[in-house]
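Worksheet: one structure, shown below.
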Amino acid sequence: MDQDEVDAQKELWAAFETEDLERFHHALDLGAQPNLISNDDVSNMSVYEKVLSKSGSAKFIRACINAGCDVNYVNPQLNKAAINYVAESKNPQNISELLHKSNCKVNVDHQFEDETALNTLVKSLNPKTVARVSNCIRLLLNYGASPNLPDRESKTPLQRVLQTEDIPLASQCNLVIEFLKLPELNLHNFREGLHYVMQHYLDGRSVLLYNLLVRQLLSLTEDQVLELLAEYQKNVVDWNSRIMQRVLLKEHMSKNSEKALNAVIAILRLNTPEDNERLVEVAIEAGNWTTVLALLESDSLQEQPKSKLLKTMIKQAQLQPLLNAEYQNCLLQLLKDQENCVNQYDDQHNTALHYAVLYRNEIAIRQLLRQGARLGMSNGRNRLPIEDMDVKLLEEHFDYCITSRGQKPSHEQYEIIMNCLNLTNRQNDLDIAPIAYMAKSKELCPLLQHPLITCFLHLKWHRLSTIFYTHFLIFILFSVCLVAHVILRFPQRIYHDLPIMINTIILFSFISYMLIVNLLTYLMVHQFPSYIDLPLVTLLILTCIEWGEKMETQRIIAVFAIMLMAIKLTILIGALPFPSISTHMLMLRQVTSNFLKCLSQYSILIFTFGLCFYILYGKSTQTDSFLSYSDPERTLMKTLVMFIGEYDDDDFNGYYTSLVLIMFMFMTMILTNLLSGLAVNDTQTIQAQVELNAAICRAKLLNSYEGILKGHWGNCEWLRCIFQRLMHIYTDCSYGYLSIFPNQENRAEVYKQRHRNQSLETLPNSDDVCLASLSPDHKDGGSDNYSNVDSYEFLPTHFDGDLNDFEIKSNSFNYESISNALKGNLEIDNKTVKRALQIIKEKSNKEIEQQRVELTENRLEDVWNLLKELKNELTLKKLAN
């Protein structure tokens with residue numbers, strides 16, 4: 001070593017002893033070596049070893065490491081590593097510099113004299129240095145120091161900490177907790193340390209305790225877990241089993257620990273249903289659908305009610321927009337367990353379908369509908385689920401509800417089965433409310449032509465048509481009596497009072513009938529009377545009253561009464577279930593409405609020309625004719641007559657007046673052609689939508705009838721019963737499924753609903769449908785609350801196989817046809833049957849196409865795997881050669 005190096009080395013020692021960092025860096029720049037042992041030093045240590053051992057020398061340690069000193073340096077004579085030297089400093093900054101200021105991994109478990117740095121630090125614990133030494137211990141443990149290596153006395157670091165009694169209890173327990181957090185701590189030491197902190201430091205109010213207990217619980221069997229938890233429940237102060245279960249559940253979700261999940265499932269049977277619901281909600285909110293499904297499939301949860309979980313799962317669509325197949329399986333499992341709660345209201349008077357629509361959860365909407373969620377149940381705001389539902393999704397579900405039984409469409413027993421459960425109410429009667437809303441909505445209105453809805457309206461009309469025909473017949477008799485009344489009194493009153501008196505009594509009976517009908521409609525359906533009913537009743541009353549000598553006024557009143565009666569009768573004729581009749585009535589009403597709207601917009605032109613004619617001809621005209629220009633009122637009337645093409649030669653009495661008349665004629669031709677074009681367009685539109693318009697009209701009419709029948713009659717309930725019997729309306733009819741036999745003159749049968757027809761295991765994209773076994777009602781009026789889901793028959797949408805393979809066996813399907821209760825044979829029209837068959841065919845083709853695509857993908861995958869194998873074989877041959 002030359003003199004310069006010697007001087008630099010001395011400079012390095014002097015700088016360190018005086019703690020001059022700048023001078024220390026200067027010596028390193030001159031070439032001083034921190035690893036060299038000075039002969040002048042009594043301790044026979046190098047500068048690097050001195051720096052590591054001295055407390056508060058973190059900056060000097062960094063300088064040495066930057067100068068090239070090894071973090072895993074080992075003294076060759078003493079076999080003492082850098083980590084052992086730095087542990088003697090008991091300074092956390094020194095240890096941090098050594099551990100974290102280099103890219104090299106430090107061997108923190110190097111043993112000097114059969115002890116690691118961790119052993120050394122634990123043995124040096126005392127009341128004065130407990131804070132600094134505890135931080136050093138944490139640094140080593142976090143870096144990966146082994147907590148299981150014993151010292152010379154065969155004591156592990158944790159055992160040393162537990163035996164150190166002269167340090168504060170809080171510091172001691174905190175150190176013990178640091179050891180317990182380490183997964184590599186051996187189980188014996190872990191249990192010993194856990195027992196100590198549970199006795200002296202932690203209680204049930206600390207979440208940390210439950211986190212520490214996870215490891216111990218996972219090392220036990222299920223029975224041992226239950227026994228240990230029962231022991232903690234008795235001995236631990238403020239023990240909270242809910243927190244323990246949630247910690248175990250989070251352990252499973254974060255680390256995919258099957259033991260943690262098994263422990264949770266073992267605890268479920270000891271919980272209350274509310275605790276189990278909250279536990280599943282934790283997994284739902286975390287979006288861990290595998291865990292949710294495992295919990296739902298456990299025996300404990302299947303036996304308990306889960307009223308709030310369905311709502312919680314539906315809400316996840318808003319928080320987690322990308323829901324996968326696992327979520328769908330969880331929803332199916334929950335619906336399987338909660339099949340009786342699908343249509344139940346919660347505390348906010350909402351059903352599960354309301355929440356699914358609110359949160360735009362299409363998966364939940366689809367599955368709820370397939371499990372029988374009703375579309376006609378209104379919530380607290382009096383809104384139906386169908387009001388905010390997507391049209392395509394609803395149409396897709398209606399298609400799903402149409403299935404077939406039998407392979408060959410030409411077979412005599414081949415039947416089309418329609419599921420109407422979504423369109424029923426709590427009494428299993430057909431609910432007209434969703435159909436009435438569809439008739440009002442422009443978006444949903446086209447769905448009224450769907451075969452399912454068409455059959456629904458047919459069934460409803462078949463049941464309530466007696467009311468319409470009775471009402472229609474009454475109005476015809478009413479019209480005849482009114483005509484007879486007018487003939488008897490006008491233009492001259494006959495001398496016999498008896499016929500007039502009898503006719504007047506009959507008319508007042510009809511008037512009372514109209515008032516009762518309108519009052520019931522308003523009270524039950526909350527629908528105001530039409531714009532014709534009240535004026536018609538008023539005019540009829542005035543017509544029936546004797547006015548004495550004021551016959552002229554009464555004649556005018558009678559005329560308007562007859563006109564309004566004719567309009568009312570025309571509207572009723574338009575509601576007849578005969579498209580050839582109702583279409584023409586609808587055309588008349590639509591064309592009249594559009595004509596008046598259009599004419600009202602252009603009426604300003606008629607008023608303008610009327611004023612012009614009054615100015616031109618008003619003074620020169622001297623006539624008593626009503627159609628003249630003598631005053632503004634008569635001028636306006638004459639202008640209206642001229643609007644239809646009636647002109648007088650006297651009007652063309654000058655060039656300027658003729659010019660005005662020509663302009664009026666030109667305007668008249670334009671408006672006439674415009675109105676004619678609108679009428680033709682309206683007629684074509686109505687003819688193109690004959691069935692749709694008829695369905696809309698019928699839906700509105702049936703809604704008013706249904707509202708009266710289902711309304712609150714109060715103390716007059718007996719009157720409703722009498723009315724239903726007179727109208728042959730049977731209240732014991734339940735609806736659920738409709739079977740149509742297309743090869744038996746479209747004969748239809750209705751079956752009462754006892755259980756769902758959809759298999760809970762059926763995936764949403766599957767077109768297979770199954771009918772669950774339908775049990776008959778008990779003779780005493782009771783019903784079973786269980787369902788035999790094991791016995792069902794699949795109803796494929798395609799036509800393969802033989803019908804006998806799909807015949808419903810008597811022991812599987814014991815449902816009762818109620819067609820006889822409907823007092824007549826049901827027959828569905830050919831158009832509806834053809835549409836239903838077309839839907840079944842399209843579903844079958846779609847299913848075949850999906851199978852073909854899947855088969856192609858599987859073949860491509862097989863080819864790809866084969867090519868990979870060939871490539872690997874070629875590679876091996878090349879290597880062998």
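Scope of the values below: all heavy atoms of this structure, side chains included, with no hydrogens, waters or symmetry mates.
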Report summary line: Closest heavy-atom pair, L218 versus K259, reported as atoms and distance to 0.1 Å, is O-CD, 3.2 Å
Report task. Among residues two or more places apart or on two chains, list those pairs meeting salt bridge (Lys or Arg N to Asp or Glu O under 4.0 Å) that have a residue in residues 213-241. Result -> R205-D238
Report summary line: Note: V264 and L279 closest approach over all heavy atoms is CG1-CD2, 3.5 Å
Query raised in the report: Parallel under 30°, tilted from 30 to 60°, perpendicular over 60°: which one fits the rings of Y327 and W289?
Result: perpendicular
**Report entry** V280 side chain reached by T312 side chain, heavy atoms, under 4.5 Å
**Finding:** no
Query raised in the report: Counting distance only, does the side-chain N/O of K843 pair as donor-acceptor with the main-chain N or O of I402 below 3.5 Å?
Result: yes
Query raised in the report: Measuring from L248:CG to N211:CG, what's the distance to the nearest 0.5 Å?
Result: 9.5 Å
Report task. Not counting sequence neighbours, list each pair that qualifies as a ring-ring contact (aromatic ring centres under 6.0 Å, His included) and has a residue in residues 375-395. Result -> none
Query raised in the report: Passes side chain to side chain contact (heavy atoms under 4.5 Å, CB included), L423 versus I453? Steps please.
Result: CA-CA 9 Å; L423 303 174; I453 307 302; 3.9 Å; yes
Query raised in the report: Side chains of H397 and M389: closer than 4.5 Å at any heavy-atom pair?
Result: no
Query raised in the report: Under 4.5 Å between any side-chain heavy atoms of H458 and I828, yes or no?
Result: yes
Report summary line: So CG of L375 and CD1 of I435: to nearest 0.5 Å the spacing works out to 8.0 Å
Query raised in the report: Will you find, in the side chains of D399 and H450, an N or O donor that is under 3.5 Å from an N or O acceptor?
Result: yes
**Report entry** side chain to side chain donor-acceptor pair (under 3.5 Å) assessment of S739 paired with E415
**Finding:** CA-CA 6 Å; S739 291; E415 59 181 310; 3.0 Å; yes
Query - Polar side-chain atom of N262 near backbone of E258 as donor-acceptor pair, under 3.5 Å - result: yes
Report summary line: Closest non-hydrogen contact found for S298 with L268 is OG-CD1, 3.5 Å
Query raised in the report: Between L444 and V391, is any pair of side-chain heavy atoms under 4.5 Å apart?
Result: yes
Requested in this report: Report yes or no: does R366 contribute a side-chain atom to a donor-acceptor pair with the main-chain N or O of E396 at less than 3.5 Å?
Outcome: no
Query raised in the report: How long is the span from the CD atom in Q449 to the CG atom in L457, to the nearest 0.5 Å?
Result: 11.0 Å
Query raised in the report: Do the non-hydrogen side-chain atoms of Y232 and M198 ever get within less than 4.5 Å of each other?
Result: yes
Query raised in the report: Between the side chains of N288 and H252, is a donor N or O closer than 3.5 angstrom to an acceptor N or O?
Result: no
Query - Approximate separation, where rounding is to 0.5 Å, of E297 CD and C330 SG - result: 8.0 Å
Query raised in the report: Under 4.0 Å between a Lys/Arg side-chain N and an Asp/Glu carboxylate O for R278 and D275?
Result: yes
Requested in this report: Measure the shortest side-chain to side-chain distance between K181 and I177 over non-hydrogen atoms and say whether it is less than 4.5 angstrom.
Outcome: yes
Report task. Taking N422 for its side chain and L369 for its backbone only, find out whether a donor-acceptor pair lies under 3.5 Å. Result -> yes
Report task. For the pair T856 (side chain) and R852 (backbone), establish whether a donor and an acceptor sit closer than 3.5 Å, ignoring hydrogens and angles. Result -> yes
Report task. Compare all side-chain heavy atoms of M377 with those of Y345 and state whether any distance is below 4.5 angstrom. Result -> yes
Requested in this report: Determine whether L310 and L368 make a side-chain contact, defined as any pair of heavy atoms from C-beta on separated by less than 4.5 Å.
Outcome: yes
Report task. Using a strict cut-off of less than 4.0 Å between a Lys/Arg side-chain nitrogen and an Asp/Glu carboxylate oxygen, indicate whether D431 and R374 qualify as a salt bridge. Result -> no
Requested in this report: Step by step, work out the side chain to side chain contact (heavy atoms under 4.5 Å, CB included) result for I365 and D390.
Outcome: CA-CA 10 Å; I365 293 173; D390 182 66; over 6 Å; no
Report task. Return yes if some donor-acceptor pair links the side-chain N/O of H354 with the main-chain N/O of H349 below 3.5 Å, else return no. Result -> no
**Report entry** Side-chain (S219) to main-chain (Q216) donor-acceptor, under 3.5 angstrom
**Finding:** yes
**Report entry** Heavy-atom closest pair, residues N343 and G372
**Finding:** ND2-O, 3.2 Å
**Report entry** Check: S441 side chain, Y437 main-chain N or O, donor-acceptor pair, under 3.5 Å
**Finding:** no
Query raised in the report: Are the side chain of Y210 and the backbone N or O of G204 linked by a donor-acceptor pair below 3.5 Å?
Result: yes
Query - CA sep, side-chain torsions, deciding dist, call: I386, M438, side chain to side chain contact (heavy atoms under 4.5 Å, CB included) - result: CA-CA 8 Å; I386 196 175; M438 291 168 61; 3.6 Å; yes
Query - Closest non-hydrogen atom pair between I265 and A294, with its separation - result: CD1-O, 4.3 Å
Query raised in the report: Taking everything shown except N382 itself, do over 12 heavy atoms lie less than 6.0 Å from its CG?
Result: no
Report summary line: Only one of L209, L229, L213 passes side-chain contact (heavy atoms from CB on, under 4.5 Å) with V236, and that residue is L209
Query raised in the report: For E387, which residues count as a salt bridge (charged side-chain N to carboxylate O under 4.0 Å, His left out) partner, sequence neighbours excluded?
Result: R383
Report task. Drop me the distance from N256's CG to E251's CD, to the nearest 0.5 angstrom. Result -> 10.5 Å
**Report entry** Main-chain N/O of I314 paired to N361 side chain as donor or acceptor, under 3.5 Å
**Finding:** yes
Report summary line: One should read off an interatomic distance between L217 CG and I267 CD1, to the nearest 0.5 angstrom, of 7.0 Å
Report summary line: In terms of heavy-atom contacts, L334 and L309 come closest through CD2-C, 3.7 Å
Requested in this report: Any chance you could lay out the side chain to side chain contact (heavy atoms under 4.5 Å, CB included) test for I696 and K700, step after step, and finish with the verdict?
Outcome: CA-CA 6 Å; I696 294 173; K700 293 179 179 179; 3.7 Å; yes
